[in-house]
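Input: a single structure, listed below in structure tokens.
To find a chain, count down the sequence lines: A is the first, B the second, and so on, and within it residues start at 1. We use all heavy atoms of the structure for the numbers below, so side chains are in, but hydrogens, waters and symmetry mates are not.
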Amino acid sequence: MEITPTEAEEALLSIQAIMKKTRRSISASGAYKFLILWGFIWLIGFLNSQFLPGQLAGNLWIGLDILGGIFSAFIGYRLNRGVRSSSPSTTGKRIGLFWLLLFLYCVAAIMVAGTGDGKQLAMFIILFVTFGWIAMSMLLSFTSVWPGLALFTLAIFGYFILPGIFYIWMAILGGGGMILLGFFIRDRW
Amino acid sequence: MAQLNETIHQTIRLRVMAALVTLEKDAEVDFSTLRSLLDVTDGNLGAHLRKLEEAGYILVNKSFVDRKPRTFISATPEGRKVFKEHVQALESILKNGK
């Protein structure tokens with residue numbers, strides 16, 4: 001069997017394209033669902049923090065986070081049902097374990113630092129979330145690094161420059177941004 | 001020197017193998033997911049899968065999931081090996097042709 005260099009190049013390009021599509025489809029096929037879910041949780045949670053008394057807003061945040069965790073587990077369980085593996089250490093399980101460990105690290109860091117102020121606490125959580133987002137993006141889909149960095153920059157800007165409207169800033173730009181990005185990925189990616 | 005493989009070189013079979021070797025070694029993909037990845041019809045994909053199965057490059061596993069029949073496909077170690085050799089042969093042709 002003989003083929004020309006042009007045919008060889010076309011075949012290699014075709015292979016690269018389908019490998020990229022497969023990786024993206026399998027690793028990022030449901031990412032938009034998490035973005036939309038957590039976008040709504042941030043939107044509602046930060047609006048609560050802006051307008052409701054501190055204790056009530058804090059309790060609502062706990063409720064929202066529990067709901068978010070349950071729905072995330074459900075979405076994760078239903079993700080990639082088109083691919084199955086006998087190995088316990090598949091990518092999806094490793095990603096879930098990473099976020100669980102990051103959550104535990106975040107709780108430990110908050111306990112050690114003893115953050116009493118609501119904004120400080122929110123900023124601590126945002127820093128851990130954006131760190132996890134960027135780390136995952138570097139491993140799975142580098143283009144997703146940019147929205148993570150944008151969210152991090154927005155949070156830092158809001159925290160230091162606009163402390164009076166920090167919560168509403170994070171609700172609209174952080175939560176709203178995640179929702180818009182989720183719908184964008186679903187429709188255009 | 002690595003040789004081109006005639007069975008694998010056909011466009012759709014090449015894309016099937018590329019998709020399958022991208023998965024982890026013990027992973028298998030279901031028929032409809034593979035079909036939508038490759039953007040081909042059921043009949044077309046089925047015919048090419050049979051050729052690859054006959055050559056021993058893929059495994060087709062029919063089972064029931066939630067009481068519904070599902071077909072899962074994976075690359076065999078032999079399939080992974082010949083695909084790798086095929087890619088090396090393509091790269092060699094490209095390199096020598098430039």
Q: For chain A, find its close neighbours in residues 50-63 of chain B: heavy-atom separation under 4.5 Å, sorted by number, or none.
A: B:Asn61, B:Ser63
Q) Using non-hydrogen atoms only, which part of B:Ser32 is less than 4.5 Å away from chain A: side chain, backbone, both, or neither? A) neither
Q: Check whether any side-chain heavy atom of B:Val29 sits under 4.5 Å from a side-chain heavy atom of A:Thr22, and report yes or no.
A: no
Q) CG of A:Asp117: more than 12 outside heavy atoms within 6.0 angstrom? A) yes
Q: Could you pull out the closest heavy-atom pair between B:Leu94 and A:Pro5, with the gap in Å?
A: CD1-O, 3.6 Å
Q) Any chain of hydrophobic side-chain contacts (each under 4.5 Å) joining A:Leu180 to A:Leu151? A) no
Q: First locate atom OG1 of B:Thr22, then atom NZ of A:Lys20, and finally report the distance between them rounded to the nearest 0.5 Å.
A: 13.0 Å
Q) In Å and rounded to the nearest 0.5 Å, what is the CD to OG1 distance from A:Glu10 to B:Thr11? A) 9.5 Å
Q.
Would B:Val21 and A:Met19 count as a side chain to side chain contact (heavy atoms under 4.5 Å, CB included) here? Give the steps.
A. CA-CA 8 Å; B:Val21 301; A:Met19 282 179 150; 3.5 Å; yes
Q) Transitively linked via ILVMFWY side-chain contacts under 4.5 Å: B:Leu4 with B:Ile12? A) yes
(Q) Are more than 12 heavy atoms, taken from residues, nucleotides or ligands other than B:Glu91, located less than 6.0 Å from that residue's CD atom? (A) yes
Q. About how many Å separate OG1 of A:Thr6 and CD1 of B:Ile93, when rounded to the nearest 0.5 Å?
A. 11.0 Å
Q.
Are more than 12 heavy atoms, taken from residues, nucleotides or ligands other than A:Tyr159, located less than 6.0 Å from that residue's OH atom?
A. yes
Q: State yes or no: do A:Leu64 and A:Leu52 share one hydrophobic cluster built from I, L, V, M, F, W and Y residues joined by side-chain heavy-atom distances below 4.5 Å, directly or via other members?
A: no
Q: Determine the minimum heavy-atom distance between A:Ala11 and B:His9, stating which atoms define it.
A: CB-CE1, 4.1 Å
Q: Considering only heavy atoms, give the residues of residues 79-88 of chain B separated from chain A by less than 4.5 Å, sorted numerically, with 'none' for an empty result.
A: B:Phe83, B:Val87
Q) Relative to chain B, which segment of A:Thr4 carries a heavy atom at a distance below 4.5 Å: side chain, backbone, both, or neither? A) backbone
Q | Atom of B:Ala19, atom of A:Ile18 and distance for their closest heavy-atom approach | A | N-CG2, 4.1 Å
Q: Report whether A:Ile161 and A:Tyr167 are members of the same hydrophobic cluster (ILVMFWY, side-chain heavy atoms less than 4.5 Å apart, transitive linking).
A: yes
Q.
Is there a continuous path of hydrophobic side-chain contacts, each under 4.5 Å between heavy atoms, that joins A:Leu127 to A:Val129?
A. yes
Q.
With a sphere of 6.0 Å drawn around CZ of A:Phe128, does it hold more than 12 non-hydrogen atoms of other residues, nucleotides or ligands?
A. yes
Q. Within a reach of under 6.0 Å around CZ of A:Phe98, are more than 12 heavy atoms found that belong to other residues, nucleotides or ligands?
A. yes
